[in-house]
Novice: 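Got a structure here, written out as structure tokens. Questions coming.
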Amino acid sequence: TALPIYKGDLLLKPILNSAGKDISHWFDKKTGNLRTHIDPVTNCRVAYTPQGRFVHVPPRFPASDWVNDFGKPWWQDEKYCIGKLSQKTRKVRIVNMLTSQANTIEVCSEENMLEILKRYEEHNRHAASYTWKFCGSNLDMNRTLQENGVEDEFENFYDLGMNEDDYLPAIHLYFNDDLTEQ
């Protein structure tokens, strides 16, 4: 349970309202601390919390009831870090050449082909029984899409005003008939 000693506290509201969502925009990318701004009333640098003040954020004005003996704030505590944020995501079309079934999935740029295969197994549980190819070349399953020569064309499409979803790279799956059981 996240921050159990604060259960029922109003300062949990902004955190609970953001449950399951990316909150990386709350933090400075360089320091990992909360983003700050100059308060228009006090002219002091304070935490920027447009969603409302939350646990471990000092109040805007001095307050004798604010206790700061909690050690490090929750956002610097690794046990509250859930997952890692991808640098970039992209969509790919995976086409089963045996059945002609095509599925579009969104993948992280850091994922290698084996990780993509594991997620694709939701659509085809025998995905490991296929040879994965792009433009006729076998893909190295220990490499990322980029390392396999599957370029991310997003910037080019953006510059040209084109919808990237209309031109997704297609990975072709060719059945090996290796009789794997899963």
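By convention here, the first residue in the shown sequence is residue 1. Heavy-atom basis, side chains included; hydrogens, waters and symmetry copies ignored. Quick caveat: nothing in here was measured; it's all calculated off a predicted structure.
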Novice: Considering non-hydrogen atoms only, spot the tightest contact between Asn176 and Tyr130 and give its length.
Specialist: ND2-C, 3.4 Å

Novice: Which residue pairs pass the side-chain hydrogen bond (donor to acceptor under 3.5 Å, both in side chains) test with at least one member in residues 155-165, sequence neighbours excluded?
Specialist: Lys91-Asp165, Glu153-Asn156

Novice: Are any of the side-chain heavy atoms of Leu168 and Val92 separated by less than 4.5 Å?
Specialist: no

Novice: Among the clusters formed by ILVMFWY side chains lying less than 4.5 Å apart, do Val55 and Leu16 turn up in the same one?
Specialist: yes

Novice: Does Gln87 use its side chain to pair, donor to acceptor, with the backbone of Glu110 at less than 3.5 Å?
Specialist: no

Novice: Side chains of Phe54 and Leu12, heavy atoms from C-beta outward: is any pair under 4.5 Å?
Specialist: no

Novice: Find out whether Arg90 and Pro169 are in side-chain contact, i.e. whether some heavy atom of one side chain is under 4.5 Å from a heavy atom of the other.
Specialist: yes

Novice: Begin from the C-alpha positions of Phe27 and Leu34 and carry the test side chain to side chain contact (heavy atoms under 4.5 Å, CB included) through to its verdict.
Specialist: CA-CA 4 Å; Phe27 306 96; Leu34 289 173; 3.4 Å; yes

Novice: Which atoms form the tightest heavy-atom contact between Gly52 and Pro14, and what is the distance?
Specialist: O-CG, 3.6 Å

Novice: With heavy-atom distances below 4.5 Å as the criterion, would you say the side chains of Met113 and Asp140 are in contact?
Specialist: no

Novice: For Ile23 and Ser18, work out which heavy atoms get closest and say how close.
Specialist: CG2-CB, 3.6 Å

Novice: Measuring from Ile171:CD1 to Asn103:CG, what's the distance to the nearest 0.5 Å?
Specialist: 11.5 Å

Novice: So how far is it from Arg119 CZ to Glu111 CD, rounded to the nearest 0.5 Å?
Specialist: 4.0 Å

Novice: If two hydrophobic side chains count as joined below 4.5 Å and joins carry through other members, does Met97 share a cluster with Trp132?
Specialist: no

Novice: Donor-acceptor check, side chain of Trp66 to backbone of Phe61, threshold 3.5 angstrom: yes or no?
Specialist: no

Novice: Are more than 12 heavy atoms, taken from residues, nucleotides or ligands other than Glu122, located less than 6.0 Å from that residue's CD atom?
Specialist: no

Novice: Do the side chain of His37 and the main chain of Tyr48 share a donor and acceptor less than 3.5 angstrom apart?
Specialist: no

Novice: Do Arg143 and Asn112 have side-chain heavy atoms sitting under 4.5 Å apart?
Specialist: no

Novice: Can Ile105 be reached from Val150 by stepping across I, L, V, M, F, W or Y side chains whose heavy atoms are under 4.5 Å apart?
Specialist: yes

Novice: Give the C-alpha distance, both sets of side-chain angles, the deciding distance and a yes or no for side chain to side chain contact (heavy atoms under 4.5 Å, CB included) between Val57 and Trp75.
Specialist: CA-CA 10 Å; Val57 175; Trp75 57 86; 4.2 Å; yes

Novice: Per the salt bridge (charged side-chain N to carboxylate O under 4.0 Å, His left out) rule, what does the pair list look like for residues 53-79, sequence neighbours excluded?
Specialist: Asp39-Arg60

Novice: State plainly whether one hydrophobic cluster holds both Tyr120 and Leu114, where clusters connect Ile, Leu, Val, Met, Phe, Trp and Tyr through side-chain heavy atoms under 4.5 angstrom apart.
Specialist: yes

Novice: If I take atom OH from residue Tyr174 and atom CG from residue Leu98, how far apart are they, to the nearest 0.5 angstrom?
Specialist: 11.5 Å

Novice: About how many Å separate CD of Gln101 and CG of Leu173, when rounded to the nearest 0.5 Å?
Specialist: 10.0 Å

Novice: Do you reckon Val95 sits in the same ILVMFWY cluster as Phe175, going by side-chain contacts under 4.5 Å, direct or chained?
Specialist: no

Novice: Heavy-atom distance under 4.5 Å between the side chains of Asn148 and Phe134, does that happen here?
Specialist: no

Novice: Can a donor-acceptor pair be found between the side chains of Asn142 and Glu147 at a distance below 3.5 Å?
Specialist: no

Novice: Below 4.5 Å, heavy atoms only, C-beta onward: do Asn124 and Ile94 meet side chain to side chain?
Specialist: no

Novice: Between Ser109 (side chain) and Lys88 (backbone), is there a donor-acceptor pair under 3.5 Å?
Specialist: yes

Novice: How about Thr49 and Trp26: do any of their side-chain heavy atoms sit closer than 4.5 Å?
Specialist: no

